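Okay, so here's the structure we're looking at.
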Amino acid sequence: MSSGDDEQSQALAKPTFTEVQASAVVESVFGLKVSKIQPLPSYDDQNFHVHISKIKDTTDGPIEYVLKISNTEASKNPDLIEVQNHIIMFLKAAGFPTASVCRTKGDNTTSLMSVDSGTEIKSYLVRLLTYLPGKPIAKIPVSSQLLYEIGRLAAKLDKALEKFHHPKLSNLHRENFIWNLKNIPLLEKYVDALGQNRNREIVEQVIQLFKKEVMTKLSHFRECINHGDLNDHNILVESSKSAFGDAVYQVSGILDFGDMSYGYYVFEVAITIMYMMIESKNPIQVGGHVLAGFESIIPLTAVERSALFLLVCSRFCQSLVMATYSCQLHPENKEYLMITAKTGWKHLQQMFDMGQKAVEEIWFETAKSYESGISL
């Protein structure tokens, strides 16, 4: 997702590689023969699902990959993308279901491609990851048990990254990154995209409450590296049959590390709760199950818990405002950009109408029920 530092340039920054050009990149940079290639949906980068031809005398390796072409703005910071690649490799080695990062012919994890657009030379960072099997969470009915497991996964991810070291790690301190939850006040630049309506009133109230009640508490939150985008399209699952014959889902893939930055444990759980609410028929119930899973690994402090409601509302605002704004820049990508908006505004309004105390009561009671072994 985009940095927000210079949003207007993002209108021109998204790559527009054809399938033929993308195939040529895979073959020239990574030395693999493409048999089939298809575009994948994306925010402001470009992704392709790549099938490669097997060479008879090679060992059994993967035959499906994802080619990721970063937009021109992101491509100006290769160190950040290098750190993301090394985090993906670190998590894979630690047993997480992340992709493998493929090396270029020159044994690097990325390559900078220069393309003559006719009026200027544009540079794009390209990389190749193995394709992960599974369905996105958005496509299945999500049980309370799976929500609990996703909460555990979010916490395990942040916990594992405490041990990650890299000489360029400081690149994850992304000060004006629009998708870091601490930067909610930056949304003020984009609220005009909403027009004048109740949605805008709620967003403006959330921003003011955030300044008053969250900004003053940040120093009390425990810092960590956040994935920052564990949404219902970035977590993949595969099913197996239970003893009773019904489908049981396990997480089979974690995608898209492009929003990683330094944040706080409570940010990760808030972001995860918000995205798990999107597809739910009972969205207010979701938070307690995710929270219980998260707290089975990393219990939140009282001050972190007290900010959770507002942080979930804040992530709704980030996602909904930036989707509306980005639609004005990329109307051709409206269907993908507005996925969250289909139910997001309704969920945010419901949370706001119920109020913090009522929502927290549901979340915290549900989370507590796991301690006694009886989940609600």
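What you are looking at is a predicted structure, and each value in this text was computed from that prediction instead of being measured. Quick note: numbers below take in every heavy atom, side chains included, and nothing from hydrogens, waters or symmetry partners.
- Residues Glu82 and His166 form a side-chain contact, since some pair of their non-hydrogen atoms from C-beta on lies under 4.5 Å apart.
- Follow the hydrophobic side-chain contacts under 4.5 Å out from Val50 and you never reach Leu236; the two are in separate clusters.
- From Met113, atom CE reaches atom CG of Leu125 across 11.0 Å, with rounding to the nearest 0.5 Å.
- Remark: Leu311 CG to Arg305 CZ distance equals 14.0 Å, nearest 0.5 Å.
- Between the Glu268 side chain and the Gly228 main chain, a donor and an acceptor come within less than 3.5 Å of each other.
- Tracing side-chain contacts under 4.5 Å through hydrophobic residues (I, L, V, M, F, W, Y), one reaches Ile271 starting from Leu91; they form part of the same cluster.
- Side chain of Glu304 to backbone of Arg222: a donor-acceptor contact under 3.5 angstrom is found.
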Should Glu27 and Lys33 be marked as a side-chain contact (heavy atoms from CB on, under 4.5 Å) after you check the CA-CA gap, both sets of side-chain angles, and the distance that decides it?
-> CA-CA 6 Å; Glu27 295 184 13; Lys33 180 77 180 158; 3.9 Å; yes

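- Ring geometry, Tyr264 versus Phe267: the interplanar angle exceeds 60°, so the pair is classed perpendicular (tilted spans 30 to 60°).
- Checked by atom type, the side-chain pair Tyr275/His233 shows no donor-acceptor distance below 3.5 Å.
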Any chance you could lay out the side-chain contact (heavy atoms from CB on, under 4.5 Å) test for Met277 and Ile273, step after step, and finish with the verdict?
-> CA-CA 6 Å; Met277 287 174 69; Ile273 287 171; 4.0 Å; yes

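- With a 4.5 Å cut-off on side-chain heavy atoms, Met322 and Trp179 count as touching.
- Counting heavy atoms from C-beta outward, Lys168 and His86 have side chains that stay 4.5 Å or more apart.
- Other residues, nucleotides and ligands contribute over 12 non-hydrogen atoms within 6.0 Å of the NZ atom of Lys217.
- Checked by atom type and distance alone, the side chain of Gln38 never pairs as donor or acceptor with a backbone atom of His51 at under 3.5 Å.
- Relative ring orientation between Tyr131 and His49 is described as parallel, the plane-to-plane angle staying below 30° on a 0-90° scale split at 30° and 60°.
- Within the 4.5 Å cutoff, the side chain of Phe221 has no heavy atoms near those of the Thr301 side chain.
- In terms of heavy-atom proximity, Ser114 sits nearest to Ile121 at CB-CG2, 3.9 Å.
- Residue Gly253 comes nearest to Leu132 through the heavy atom pair CA-CD1, 3.9 Å, listed as atom of the first residue, atom of the second, then distance.
- Screening residues 89-109 for side chain to side chain donor-acceptor pair (under 3.5 Å), with sequence neighbours left out, gives Asn85-Thr109.
- Taking hydrophobic clusters as Ile, Leu, Val, Met, Phe, Trp and Tyr residues chained together by side-chain heavy-atom distances below 4.5 Å, Phe352 shares a cluster with Ile184.
- Of the possible polar contacts, one joining the Ser296 side chain to the Gly293 backbone as a donor-acceptor pair under 3.5 Å is found.
- Between Asp232 and Lys139 there is no salt bridge, since no side-chain N of the basic residue sits under 4.0 Å from a carboxylate O of the acidic one.
- What you find for Ser252 and Gly134 is that their closest heavy atoms are OG-CA, 3.7 Å.
- Nearest heavy atom pair, residue Asn226 against residue Gly263, reads OD1-CA, 3.3 Å.
- Checked by atom type and distance alone, the side chain of Ser319 never pairs as donor or acceptor with a backbone atom of Arg315 at under 3.5 Å.
- Of the possible donor and acceptor atoms, one in the side chain of Asn231 sits under 3.5 Å from a partner among the backbone N and O of Asn234.
- Checking side-chain atoms of Asn77 against main-chain N and O of Leu80 turns up a donor-acceptor pair under 3.5 Å.
- Between the side chain of Ser306 and the backbone N or O of Val303 there is at least one donor-acceptor pair closer than 3.5 Å.
- With a 4.5 Å cut-off on side-chain heavy atoms, Met354 and Ile362 count as touching.
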Audit row: Ile207, Val203, side-chain contact (heavy atoms from CB on, under 4.5 Å) steps and yes/no = CA-CA 6 Å; Ile207 294 170; Val203 169; 3.9 Å; yes

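- Under the 4.5 Å side-chain criterion, counting only non-hydrogen atoms from C-beta, Tyr190 is in contact with Ile178.
- Classification of the Tyr262-His173 ring pair by plane angle, with boundaries at 30° and 60°, yields parallel.
- At a threshold of 4.5 Å between non-hydrogen side-chain atoms, the residues Leu153 and Lys156 do not count as touching.
- Between the side chain of Ser75 and the backbone N or O of Ser70 there is at least one donor-acceptor pair closer than 3.5 Å.
- At a threshold of 4.5 Å between non-hydrogen side-chain atoms, the residues Val359 and Val312 do not count as touching.
- In this model, no donor atom of one side chain and acceptor atom of the other lie less than 3.5 Å apart for Glu204 and Gln208.
- Shortest non-hydrogen contact noted between Ile225 and Asp158 is O-OD1, 3.2 Å.
- Within a 6.0 Å sphere centred on NZ of Lys346, heavy atoms belonging to other residues, nucleotides or ligands number 12 at most.
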Does the side-chain contact (heavy atoms from CB on, under 4.5 Å) test come out yes or no for Ile87 and Leu172, once each step is laid out?
-> CA-CA 11 Å; Ile87 284 175; Leu172 291 182; 3.9 Å; yes

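- Rounding to the nearest 0.5 Å places OH of Tyr249 at 9.5 Å from CD1 of Ile137.
- Hydrophobic cluster membership differs between Val101 and Ile81, with clusters built from Ile, Leu, Val, Met, Phe, Trp and Tyr side chains linked at under 4.5 angstrom.
- Aromatic pair Phe30/Tyr65: ring centres not closer than 6.0 Å.
- Surrounding CD of Glu188 are more than 12 heavy atoms belonging to other residues, nucleotides or ligands, all under 6.0 Å away.
- With hydrogens and angles disregarded, no donor-acceptor distance shorter than 3.5 Å links the side chain of Gln318 to the backbone of Leu187.
- Linking Ile, Leu, Val, Met, Phe, Trp and Tyr whenever their side-chain heavy atoms come within less than 4.5 Å leaves Leu40 and Ile88 in two separate clusters.
- Residues Phe48 and Phe17 share a closest heavy-atom pair of CZ-O, 3.4 Å.
- Using bins of under 30°, 30° to 60° and over 60° for the plane-to-plane angle, the ring pair His347/Phe316 lands in the perpendicular bin.
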